[in-house]
Amino acid sequence: MSWRSPQDIISDLEQDRSLREPDRLRERSEVLDRLENWRLCGIPSHLEPTVEVGLRDRIEALCVELESIDGQLYQSIRLDIQHGGGARRLLEWAHAAGADHDEGDRSEGDSYDYLDALISGVLQIDEPAIPLAGLAAEMVFYQPTPARHIFDMVARTALDERDVLIDLGSGLGQVPMLAAICTGARCIGIEWEAAHVECARRCAHSLNLDRVTFVQGDVREADLSAGTVFYLYTPFEGTMLRDVLDMLRAEAATREIRICTLGPCTATIAQERWLRAVGSWEIHRPAVFRNA
Ligand SMILES: C[S@@+](CC[C@H](N)C(=O)[O-])C[C@H]1O[C@@H](n2cnc3c(N)ncnc32)[C@H](O)[C@@H]1O
């Protein structure tokens, strides 16, 4: 492939109409990554200082324009969610991303991609306004499930209005919120950090999500009796995980439940004799288990 100067690349991007189409989010995200790199690390050529300043201004203007197109897209999906029509809009993106991932790119693991940018722009969860309390030993720090795995989990569990999903260690709450937007299920998040619970509640309220609730507290002391599907993105380990698995086993003795996991806790949970995996499992993708 022939080398193209940054000026040529910028001129092409300035004229590329398709990049301005709302659903070209993935392409815009790739372009914005490249421009951000030039913004931070400099433009890879030896330009006259005055030419370089002009080019920098054009890069800046392009970033502002492309980010504003993304912002309008996020806002229109937010409006649909607020009026109860978010499922169709979000699932369209989930299906498109699923097709991309089938082509063999980053479907596994905990990397983030343009779908996470979309979810972050749509949910607009605030930063915590109060200090974090801090975690006890064996509690795992907050890290959100990558959006593609949330959609995968929603598809694999086929949640419906008879289900109650409980996210054990829900952080800022995007799993219960997305599951409630995309399905008819009632969704509950249980989270130790009060600051995160406060942010999650504010966000759910701003989106009119009346099937989502957040409970602040230690999962080991929570009431799990309503749950039909439990989600764990490795929220704790060691004896804490053992204690919660014993609680789930007690729930499973009273009814059929499903447990969906992601990350290293999957390997521990797969050893439980009272559970059987639905299909094959691996730790880098959501796995589903049900009572044996
Ligand atoms: C890896 S994050 C997962 C966040 C969220 N489930 C998601 O997938 O986006 C683990 C979360 O579990 C919370 N946590 C850890 N131990 C907990 C416990 N015993 N009770 C409630 N929350 C806990 C942490 O504060 C953290 O927010």
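Residue numbers run from 1 in the order of the sequence given. Start at 1 and go down the list; that is how both ligands and their atoms are numbered.
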Short N or O separations between ligand 1 and the protein, below 3.5 Å:
unit_1	atom_1	unit_2	atom_2	d
ligand 1	6 (N)	D167	OD1	3.1
ligand 1	6 (N)	D167	OD2	3.0
ligand 1	6 (N)	G169	O	2.7
ligand 1	8 (O)	T145	N	3.4
ligand 1	8 (O)	T145	OG1	2.4
ligand 1	9 (O)	T145	N	3.0
ligand 1	19 (N)	D218	OD1	3.0
ligand 1	20 (N)	V219	N	2.9
ligand 1	22 (N)	W192	N	3.1
ligand 1	25 (O)	E191	OE2	2.6
ligand 1	27 (O)	E191	OE1	2.8
ligand 1	27 (O)	E191	OE2	3.4

Extract all donor-acceptor atom pairs below 3.5 Å that involve side chains of residues 169-186 and protein atoms in other chains or at least two apart in sequence.
unit_1	atom_1	unit_2	atom_2	d
S170	OG	I190	N	3.3
S170	OG	I190	O	3.4
Q174	NE2	T145	O	3.3
T183	OG1	A179	O	2.7
T183	OG1	A185	N	3.1

Report task. May I have the step-by-step check of salt bridge (Lys or Arg N to Asp or Glu O under 4.0 Å) for R258 and D163, ending in yes or no? Result -> CA-CA 10 Å; R258 289 176 291 163; D163 282 308; 3.6 Å; yes

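Of the N and O atoms on the side chains of R24 and S29, not one donor lies less than 3.5 Å from an acceptor on the other residue.
Between W93 and Y114, the ring-plane angle classifies as perpendicular under the 30° and 60° cut-offs.
The distance from atom CG of D57 to atom CD1 of I10, rounded to the nearest 0.5 Å, is 11.5 Å.
The main-chain N or O of R201 is never found under 3.5 Å from a side-chain atom of H205 such that the two would form a donor-acceptor pair.
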